[in-house]
Amino acid sequence: MYDFKKIEKYWQNYWNKNQTFAAKNGSEKEKYYLLVEFPYPSGAGLHVGHARSYTALDTVARQKRMEGYNVLFPMGWDAFGAPAEQYAIKNHIHPKDAVKENIKTFKAQIEELGISFDWNREFSTTDPEYYKWTQWQFLQFYKHGMAYKAKKNINWCPKCKSGLSNEDAAGGVCERCGTKVVQKEKEQWMLKMSDYAEDLIEGLKDTNFSKRVKLGQINWIGKSEGAEINFEIENEKEKIKVYTTRPDTIYGATFMVIAPEHPIINKLENKIKNMDKVKEYQEFAKTKTEFERTELSKEKTGVKLEGINAINPFTNKSIEIWISDYVMMNYGTGAIMAVPAHDNRDYEFATKFNIKVIKVIEGDTTPYIGEGKYINSDILNGLTNKTEAINKMIEEIKKRKIGDKKINYRLQDWVFSRQRFWGEPIPLVYCEKCGWQPVNEEDLPVLLPDVANYEPTENGESPLAGIDTWVNTVCPKCGAKAKRETDTMPNWAGSSWYFLRYMDPKNDKEFVSKDALNYWGKVDWYDGGMEHTARHLLYARFWNQFLYNIGLVPNKEPIDIRTSHGMILGPDGEKMSKSKGNVINPHDMIEEYGADALRLYEMFIGDYEKDAAWSTNSLKGCKRFLDRLWKIGDKLNDQKGYTKESLAHKTIKKVTNDIKSMKFNTAISALMIMLNEYDEQKTITKDDLRLIVHLLNPFAPHITEEINKKYNLGKPLCESLWPKYDEEKTIDETCEIIFQVNGKLRGKETVNINISKEEMEKIAKENENVKKFIQDKEIVKIIIVPGRLVNIVVK
RNA sequence: GCUUGUGUGGCGGAAUUGGUAGACGCGCACGACUCAAAAUCGUGUGGCUUUAGCCGUGUGGGUUCGAUUCCCACCACGAGCACCA
């Protein structure tokens, strides 16, 4: 047999030595930019899921190169973030050393897979040469008024004295120590992402994302159209503004609910008679975590504001005002008009607290919002069309000057601060006299200092706050004593623009040169995990749209096609995890079966966009295919051309198209069919063999090159042009047609492809079995589809 | 709850614009080789049955000469969002 380890090593060295996969900036060739999500280099090493994504786009990359494109297919490391920091805290080593080690492991594992990355462009988000430009771009946000500081509630672990991301606070407890998470108010840097809500929806039109990815984006942005309406408070000047998508139901608004944090409460504190109860409820709401608010509190809670009432502007009736945590301060106006007859939540609330329910839409089954004839609604009475009613109501609201049409988005501004050590320092300085000042651009990067302790401080500040020599600096504006911002950027920062840096990774004058931007343009195809199609993709698009708006990049949308691969599950069908003991390590598979077999299997496993359970037996099947391919060379004869002309052209066509449409499994299946056919033959030609190894090369690049070399079939495949097919030659001279009687299969026959309809009918009627089914019956109709079938309809 | 996918043999999965359902692979069974096993090779493999046939793509209906494919209703599973007014 063959020594796959030796072969794989040989070709990996060959590609490296010849710089086969180096992309060339400004090449005459047409460009194609393929991108996979750069990994977080964890200590666990490469996952078979990484291998799936990398192999998939590697297959595309290798095909594209053979088709004559200048392909950019880069790789790097997204290495800032909590896990490295925690590892450092535990083991008392600098995160940068831990990251260095992990990158080494990851890179070795990717290299042994034979992925055709252009390693010349490799970088890590933690390289000062890289994060210098992340900081520089943050300053552009700041200088354009897109970054601001605001008080925000964050998840807080009182024991670890640390802010936690929503992921780390899942289930309402600190992931690290299990302590109950509370909400704590903290000043945070924010990016004005909500300004871009509409653009981020609109921009999707300029992309070729799949439907589900687009919907994911739209869903996350959460656009809704409605109206803002002012409700007067009885005997007060103050008004409460509500947001509603159903102003047409206003005649049914029998009470009002405001968020517990609503500012009107403090303003009218001395008018509210039960302020102690209100305060108690506010405290109660505050201690509830996000988790409890959504998961546990199915039962509605709330407190009525005694002593003040609002006026429904259309019924002119006095209505109660309640506070409840089912109304959020951070959406809409933090206040709603409650229409219990036609809103499920309002209905639950009204039922619990015995509040009047007035129906305004006939036939609408409480408690769901619906459509029907308007009743009890004065100016709307008699209408039946929802849109018409809403429009009429908005007109009326405008006329009375009590409100206006309003569009709201769920998308909020991006909380950009982290109280952690292992992130890009935010390059701002606070001066008592001048306030916040950006660090001079020529002083970037603001380097992370070497410190002995990475733990967060007592009051939850980043560990950076404890390093006086680093914190104390001078004001870039006035030169007086000043302090550095000690918050760092979130993990998402570095990954929001890394695809731009690949175009020009060594540039120390600009984040990327104009020439490189103009040449490479958009990412043509970006593949990654489904878990990143919402947030990461949105952040990256937002970041790029901002750069576009200030004239730094040529395209508003940075990515053309986005695809998402399914997960690879353990053999038990469960998500792979150490605790379940179902983890498959790609390195072990490569050791035992070779990189080509692993690659082939991962592409053959099934629908690329769906999850799939691991099966080592199926992997063995792919290995078996490669073993048979290796042996088929024993059958070579001296003849030229293809032994099976139409099979050859058909297979070229199928493999070519299937790779482009990510139907890797059927491409491989076609090649298996081809090999099976070669097996049937006594001998095959060199052209036959060259063709199958050529078509298989993007999937199994090592063994195919080796076979090509072994039998002197031609130039190395990676330096050859992709095979072309002739459409005319994909058609066979004969075809099998079927005979049906009343739509049921009754016979078949192989005929010449050019046979006429009349002849087809004749052959069908002569078929013995068909005769049996049509004798003594009246023929009603005969349907003939050339090259396919004859269907005789009888009565 | 809303949005969105997906339902095909024992398993992963194939099936142009509606036109032979189950390609390809795994598994399994039998056979060859072997003292034996593994590996390899060969044959078979949706179910029920008598060559021929009947039933079969989640369930029920519809359109059609013909439906895995199109339409309607329902069921199940997965994913995303989730008290968003």
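Just the heavy atoms: all of them, side chains too, but no hydrogens, waters or symmetry mates, feed the values below. To find a chain, count down the sequence lines: A is the first, B the second, and so on, and within it residues start at 1.
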Trainee: Under 3.5 Å for both pairing distances: what stems, at least three Watson-Crick or G-U pairs long, include RNA chain B?
Mentor: B:1-7 with B:75-81, B:10-12 with B:24-26, B:27-32 with B:40-45, B:46-48 with B:53-55, B:58-62 with B:70-74

Trainee: Between A:Phe349 and A:Phe255, does the ring centre distance come in under 6.0 Å?
Mentor: yes

Trainee: Pick one: which of A:Ile258, A:Ile323, A:Ile321 meets side-chain contact (heavy atoms from CB on, under 4.5 Å) with A:Ile264?
Mentor: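 The passing option is A:Ile258.
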
Trainee: For nucleotides 25-28 of chain B, list the nitrogen or oxygen atoms of the protein found under 3.5 Å from its nitrogen or oxygen atoms, one pair per line.
Mentor:
{"from": "B:rG25", "atom 1": "OP1", "to": "A:Asn676", "atom 2": "ND2", "distance (Å)": "3.4"}
{"from": "B:rC26", "atom 1": "OP1", "to": "A:Arg624", "atom 2": "NH1", "distance (Å)": "2.5"}
{"from": "B:rG27", "atom 1": "OP1", "to": "A:Asn617", "atom 2": "OD1", "distance (Å)": "3.4"}

Trainee: Do A:Glu759 and A:Ser756 meet the criterion of a side-chain donor-acceptor pair at a distance under 3.5 Å?
Mentor: yes

Trainee: NA contact type, A:Lys654, heavy-atom cut-off 4.0 Å: base, sugar-phosphate, or nothing?
Mentor: nothing

Trainee: Please work out if A:Leu789 contacts a base, only the sugar-phosphate, or nothing of the nucleic acid, heavy-atom cut-off 4.0 Å.
Mentor: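 Base, at least one base heavy atom under 4.0 Å.
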
Trainee: With a 4.0 Å cut-off on heavy atoms, is A:Ile673 in touch with a base, just the backbone sugar-phosphate, or nothing at all?
Mentor: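 Result for A:Ile673 = sugar-phosphate.
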
Trainee: Please tabulate, for side-chain N and O atoms in residues 610-617 of chain A, each donor-acceptor pair with protein atoms closer than 3.5 Å (sequence neighbours left out).
Mentor:
{"from": "A:Asp611", "atom 1": "OD1", "to": "A:Met567", "atom 2": "N", "distance (Å)": "2.7"}
{"from": "A:Trp614", "atom 1": "NE1", "to": "A:Thr616", "atom 2": "OG1", "distance (Å)": "2.9"}
{"from": "A:Ser615", "atom 1": "OG", "to": "A:Ser618", "atom 2": "N", "distance (Å)": "3.1"}
{"from": "A:Ser615", "atom 1": "OG", "to": "A:Ser618", "atom 2": "OG", "distance (Å)": "3.3"}

Trainee: Scan for side chain to side chain donor-acceptor pair (under 3.5 Å) pairs involving residues 667-679 of chain A, sequence neighbours excluded, and state none if there are none.
Mentor: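 Counting only pairs at least two positions apart or across chains, the side chain to side chain donor-acceptor pair (under 3.5 Å) contacts touching residues 667-679 of chain A are A:Arg628-A:Asn676, A:Arg628-A:Asp679, A:Lys644-A:Glu677, A:Glu677-A:Gln681.
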
Trainee: Out of B:rG80, B:rA15, B:rA85, which has the shortest distance to the side chain of A:Thr666?
Mentor: B:rA15

Trainee: What residue pairs, at least two apart or across chains, pass ring-ring contact (aromatic ring centres under 6.0 Å, His included) with a residue in residues 658-677 of chain A?
Mentor: A:Tyr608-A:Phe664

Trainee: Which residues satisfy the side-chain contact (heavy atoms from CB on, under 4.5 Å) test with A:Val751, sequence neighbours excluded?
Mentor: A:Cys735, A:Ile737, A:Glu749, A:Ile755, A:Ile763

Trainee: Under a 3.5 Å threshold, yes or no: a donor from one side chain and an acceptor from the other, between A:Tyr409 and A:Glu198?
Mentor: yes

Trainee: What residues, two or more places apart in sequence or in another chain, satisfy ring pair (Phe, Tyr, Trp, His ring centres under 6.0 Å) together with A:Phe604?
Mentor: none

Trainee: If you check every side-chain atom of A:Thr245, which of B:rA85, B:rG13, B:rC83 has the closest atom?
Mentor: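 Output: B:rA85.
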
Trainee: Considering residues at least two apart in sequence or located in another chain, which fulfil the side-chain hydrogen bond (donor to acceptor under 3.5 Å, both in side chains) criterion with A:Lys352?
Mentor: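 A:Glu299.
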
Trainee: In chain order, what residues pass the side-chain hydrogen bond (donor to acceptor under 3.5 Å, both in side chains) check against A:Tyr725, with sequence neighbours excluded?
Mentor: none

Trainee: Of the nucleotides B:rC83, B:rA23, B:rA52, which one has an atom closest to the side chain of A:Asp325?
Mentor: B:rC83

Trainee: What are the atom names and distances for every N/O pair under 3.5 Å that joins the protein to nucleotides 64-67 of chain B?
Mentor:
{"from": "B:rC65", "atom 1": "OP1", "to": "A:Lys781", "atom 2": "NZ", "distance (Å)": "3.3"}
{"from": "B:rC65", "atom 1": "O2", "to": "A:Asn791", "atom 2": "ND2", "distance (Å)": "2.3"}

Trainee: Is there a donor in the side chain of A:Asp596 and an acceptor in the side chain of A:Tyr601, or the other way round, less than 3.5 Å apart?
Mentor: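 Per modelled atom types, A:Asp596 and A:Tyr601 side chains form no pair under 3.5 Å.
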
Trainee: Pairs under 3.5 angstrom, nitrogen or oxygen only, protein versus nucleotides 9-11 of chain B, please.
Mentor:
none

Trainee: Have a look at A:Arg788 and say if it touches a base, only the backbone sugar-phosphate, or nothing, with a 4.0 Å heavy-atom cut-off.
Mentor: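 Since a base atom lies under 4.0 Å of A:Arg788, the category is base.
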
Trainee: Have a look at A:Asp346 and say if it touches a base, only the backbone sugar-phosphate, or nothing, with a 4.0 Å heavy-atom cut-off.
Mentor: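 The residue A:Asp346 makes no contact with any strand.
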
Trainee: Where along residues 744-753 of chain A does a heavy atom fall under 4.0 Å from RNA chain B?
Mentor: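 Contacts with RNA chain B under 4.0 Å: A:Lys744, A:Arg746, A:Lys748.
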
